[in-house]
Amino acid sequence: MEDIAGNIAVVQRRIAHACDLAGRNPDTVRLLPVTKNFGTDAVLAVYRAGYRRIGENKVQEALDKWEALHNTLPDLGWAIIGHLQTNKARTVARIADEFQALDSLRLAQTLDRHLRAEGRQLDVLIQVNSSGEDSKYGLAPEQVVGFARQLAACTSLRPKGFMTLALPYTGDEAPVAACFERMLQVQRQVRETVAGSWDELSMGMSGDLELAIAHGATCVRVGTAIFGRRENSVSTPA
Ligand SMILES: *Cc1c(COP(=O)(O)O)cnc(C)c1O
């Protein structure tokens with residue numbers, strides 16, 4: 001069993017150090033522990049460490065854990081960070097506090113409809129494919145401004161910003177940094193043309209969180225560095 005509290009302390013120190021180097025206040029970077037592929041004990045451990053929001057990339061897995069825990073931990077919030085099929089939008093509208101992988105208008109409209117039926121609102125981030133890899137979900141950078149404009153019609157969605165996955169970090173920072181820079185450029189374009197603050201930048205994971213913070217990340221999504229290696233997991237996150 002991993003020392004989850006100890007690992008979180010290490011990650012917090014990494015965040016603090018990266019903020020220091022970037023001249024940023026550590027309070028401007030939120031750590032989202034990603035509990036995918038780990039059980040409810042992992043969720044409980046981060047809750048005990050003081051965290052009130054966790055990230056899950058698959059809806060069914062999130063729902064199973066939510067059903068097991070939401071009565072005992074009513075103040076725990078659930079962030080869905082992985083690609084969502086329209087037919088699962090209803091579950092997200094019911095249980096999620098945040099959805100970070102918004103990537104189509106049809107999905108936005110379906111979520112909006114279910115949210116209205118539930119009488120809920122949902123913080124959303126637009127997922128941007130900053131690496132250009134076919135295997136990655138998200139909108140192409142040049143599609144984002146038009147999409148952000150159209151979102152205004154979905155009044156139960158509260159657009160907060162963007163989420164992206166960089167190219168895998170393999171020792172050369174330049175290609176990873178280029179992804180984050182592309183993301184920043186998209187954020188600037190949207191801010192110039194579409195109402196809203198668009199402040200949130202969810203980027204950076206276990207391997208590249210320092211570089212993401214140097215580029216302005218406001219949320220880092222961390223799994224492996226807290227919980228250890230995932231068994232039976234696909235090597236590239238959704
Ligand atoms: C799994 C996952 C993460 C966490 O990745 P680690 O490298 O384990 O820290 C972050 N974001 C998304 C979208 C994920 O699916």
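Start at 1 with the first residue, then count along the sequence. Note that ligands are numbered from 1 as they come in the structure, with each ligand's atoms numbered from 1 the same way.
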Could you tell me which atoms of ligand 1, counted from 1 in the order shown, lie closer than 4.0 angstrom to a heavy atom of Met205? 3 (C), 5 (O), 7 (O), 9 (O), 10 (C), 11 (N)

I'd like to know if Arg221 pairs up with Glu98 as an ion pair, taking the criterion as any Lys NZ or Arg NE/NH1/NH2 lying under 4.0 Å from an Asp or Glu carboxylate oxygen. no

Any atoms of ligand 1 less than 4.0 Å from a non-hydrogen atom of Lys36? List them with their elements. 1 (C), 2 (C), 3 (C), 14 (C), 15 (O)

Would you tell me whether Glu133 and Asn129 have side-chain atoms, one donor and one acceptor, within less than 3.5 Å of each other? no

Quick note on ligand 1: atoms under 4.0 Å from a heavy atom of Arg221 include exactly 4 (C), 9 (O), 10 (C), 11 (N), 12 (C), 13 (C)

As a check for students: among Ala79, Ser206, Ser202, Ala101, identify the option with a heavy atom nearest to atom 6 (P) of ligand 1. Ser206

Region of Asn57 engaging ligand 1 - heavy atom pairs below 4.0 Å: side chain

Report yes if some N/O of Gly223 lies less than 3.5 Å from some N/O of ligand 1; otherwise report no. yes

Would a distance-only check, ignoring hydrogens and angles, find a side-chain to backbone donor-acceptor pair under 3.5 Å from Arg24 to Ile213? yes

Quick one: which ligand 1 atoms are inside 4.0 Å of a heavy atom on Val222? 9 (O)

For ligand 1, is there an atom lying under 4.0 Å from some heavy atom of Gln100? no

Do the side chains of Arg188 and Glu192 get close enough for a salt bridge, i.e. N-O under 4.0 angstrom? no

Give me the one residue out of Gln187, Arg191, Lys160 that meets side-chain hydrogen bond (donor to acceptor under 3.5 Å, both in side chains) with Asp199. Arg191

Using modelled atom types only, decide if a donor and an acceptor are shared between the side chain of Thr224 and the backbone of Arg229 within a distance under 3.5 Å. no

Quick note on ligand 1: atoms under 4.0 Å from a heavy atom of Thr224 include exactly 6 (P), 7 (O), 8 (O), 9 (O)

Run through His17, Arg14, His215 and flag the one making a side-chain hydrogen bond (donor to acceptor under 3.5 Å, both in side chains) with Glu210. Arg14

